[in-house]
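Everything on this sheet refers to the single structure shown next.
Letters A, B, ... are given to chains in the order of the sequence lines, protein chains preceding strands, and every chain is numbered from 1. Atoms considered below: every heavy atom in the structure, side chains included; atoms not considered: hydrogens, waters and symmetry mates.
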2 protein chains.
Amino acid sequence: MFSSDPNAMGMLIRKLESIAFLSEEERQAIQNLPIRVQALRARQDIVRDGDRPSQCCLVLEGWAVRYKLLSEGRRQILSFHIPGDIPDLQGLHLHTMDHSLATLTKATVAFIPHESLLDLTTRYPTLAGIFWRETLIDAAIFREWVTSMGRRSACERIAHLFCELYLRLEAVGLASEHRCEMLVTQIELSDALGLTSVHINRVLKDLRQRELITLKSRNLTIEAWNELTRTSDFDPTYLHQRRPVA
Amino acid sequence: MFSSDPNAMGMLIRKLESIAFLSEEERQAIQNLPIRVQALRARQDIVRDGDRPSQCCLVLEGWAVRYKLLSEGRRQILSFHIPGDIPDLQGLHLHTMDHSLATLTKATVAFIPHESLLDLTTRYPTLAGIFWRETLIDAAIFREWVTSMGRRSACERIAHLFCELYLRLEAVGLASEHRCEMLVTQIELSDALGLTSVHINRVLKDLRQRELITLKSRNLTIEAWNELTRTSDFDPTYLHQRRPVA
DNA sequence: CGCGCTATTGAGAGAGCTCAATGTGCGTGG
DNA sequence: CCACGCACATTGAGCTCTCTCAATAGCGCG
């Protein structure tokens, strides 16, 4: 069950290197983290609101979401997570979950004990800073989402989200040439963007007709990157990626 | 200009003790941080989107906000900050501001050099964890705001925000008995909640008529705490305060 | 004690929602 | 390899919550 699969940690290292510099020693220390790899079905809860987890979940394959449930069946998706992400890294210092984490697609994840991560941050203060930075970027993305939900139209919100996800996928080598997988249904998009799936559908139709995007069977192509970023007010600064993107 | 005013740091210590335990030695180390205290007018920018600050801003008196500006004069307020808060603590590991910070009211703030804070986190790893925790709670509040903006009605959003601000003020000794100052205009409320000030006005009228709140000349009284939390789906877990609140 | 910003109220409009029906694609099992 | 079933996507019609525009009132600061 427990192993030190270099391939598994490769994804985490690639992700961290997209936001900070890692020394060889630090890379090695990450490689040596004990992990338990697990295959999960689509739409399966990993951690639930109210839980007090003792490990973090690293996404290796597939997509995950964090979400909150409200009264009357309302749901809000808080974030999308792709390979390389540790969606519940905040658990290191917040002991009670204030939301849930679930897979969106069939996925492979690796669980890392909190104690191993905390030990790592003690031994490598620079790495502690990098993991801290990772959670700060998480917060920066929430700020951008607050902005979208508060002051952007449905069309701008969708376009903005596509730009964000494309750049995040590109940063870990899962996208290029303005093409990527978009492993979400219109229902999930609506729960993330505070809209209804019916309205999402109509806006997507409009974006297609304006030839800004192609989206078919989970494959997104951004046909006009500049125009899409312009109409959605997209500025990648908030992703705090290490190298500026074209 | 630089000093070690024990009173100034008292506010920060009170805030940190509302979310974590501090040892005497740690309290002392915080007291010894070099600070530059400054009085500011209302509605004055402290740090701007795009800046690369070399210090953090601790609020001592008055309220501050973080905000983003969009095209066509749109503004989104991202968070409200009260005494004891360090609204730009993320600057320790995110070097470019992705939003602005400004006073809302006349305010007193203390600036703390990044290098002093980073040095503190190196010498006191436990304190590093506590500051990290502080930024994680910041993110938890953003998550709750995303949820509000996405899936709560105007009325629920306002009620939820009032509950949040009351508890945060209470945690640092600035509120009790369900009364507190609410140092925001309806325009600022609208920019925080993604609504218009006209609509805020109408919903406030409704909340008053239902005798849930009294709000007059910046003084808020929550007349029916239980009902207000119920109607707004408010669960204080996300604030991750150290002692559960009544 | 008057100016300017904030609060309040009315009337009409619009972005996005609800309800509902139909079409489509894909995974599963025979 | 094909047929079935189910979840997802698409479209239409009518509605509502919130917005826009606009006018007036009130309050706090200089």
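Nearest-nucleotide positions on DNA chain D for B:K216 and A:R202 put A:R202 closer to the 5' end. Between A:A154 and A:S217, the residue whose closest nucleotide on DNA chain C is further toward the 5' end is A:A154. Heavy-atom distances to DNA chain D give each of A:R151 and A:V184 a nearest nucleotide, and the one nearer the 5′ end belongs to A:V184.
Counting any heavy atom pair closer than 4.0 Å across all strands shown, B:R41 reaches no nucleic acid atom. Contacts of B:R157 with the nucleic acid, taken as non-hydrogen atoms under 4.0 Å apart, are absent. Here B:R208 lies in heavy-atom contact (under 4.0 Å) with sugar-phosphate atoms only. Using a 4.0 Å heavy-atom cutoff across all strands shown, A:S197 reaches no nucleic acid atom at all. Within 4.0 Å of B:L204, counting heavy atoms only, lies no atom of the nucleic acid at all.
Rounded to whole Å, the distance from CD on A:E188 to C1' on D:dA9 is 13 Å. D:dC17 atom C1' lies 13 Å from atom CD1 of B:I158, rounded to whole Å. Distance, A:L183 CG to D:dC8 P: 14 Å, rounded to whole Å. We find that CG of A:L104 is positioned 16 Å from P of D:dA7, with the value rounded to whole Å. As rounded to whole Å, 17 Å separates atom P of D:dC8 from atom CE of A:M182. Note: CD (B:E72) to C1' (D:dT20) measures 14 Å, nearest angstrom. A:H199 places its NE2 atom 18 Å from the P atom of D:dA13, with the value rounded to the nearest Å. Note: CG (A:L189) to C1' (D:dA9) measures 12 Å, nearest angstrom.
With A:H160 as reference, A:F234 is the one residue of A:Y166, A:W145, A:F234 to meet the ring-ring contact (aromatic ring centres under 6.0 Å, His included) rule.
A salt bridge is absent between A:R66 and A:D88; no separation between the charged side-chain nitrogens and carboxylate oxygens falls under 4.0 Å. Between A:D191 and A:R74 there is no salt bridge, since no side-chain N of the basic residue sits under 4.0 Å from a carboxylate O of the acidic one. Look at A:D98 and B:R143 and you find a salt bridge, because one of the NZ, NE, NH1 or NH2 atoms lies within 4.0 Å of a carboxylate O, short of that distance. With salt bridges taken as basic N to acidic carboxylate O contacts below 4.0 Å, none links A:E227 and A:R210. The residues B:E170 and B:R179 are annotated as not salt-bridged, no charged nitrogen and carboxylate oxygen being separated by less than 4.0 angstrom. Taking the charged nitrogens against the carboxylate oxygens, A:R230 and A:E156 have no contact shorter than 4.0 Å, which rules out a salt bridge. We find that A:K106 and A:E61 are not joined by a salt bridge, their nearest charged nitrogen and carboxylate oxygen being 4.0 Å or further apart.
Between the side chains of B:Y67 and B:D45, a donor-acceptor pair is found at a separation under 3.5 Å.
Fit an axis to the five pairs at each end of the helix from C:dC1-D:dG30 to C:dG30-D:dC1 and the two axes sit 60° apart, to the nearest 10 degrees.
Between A:N201 and D:dA9, a side-chain N or O to OP1/OP2 separation shorter than 4.0 Å is absent.
With a heavy-atom cut-off of 4.0 Å to chain B, the contacted part of DNA chain C has its first and last nucleotide at C:dT6 to C:dA11.
Side-chain atoms of B:V59 and B:P87, non-hydrogen and from C-beta on, do get closer than 4.5 Å to each other.
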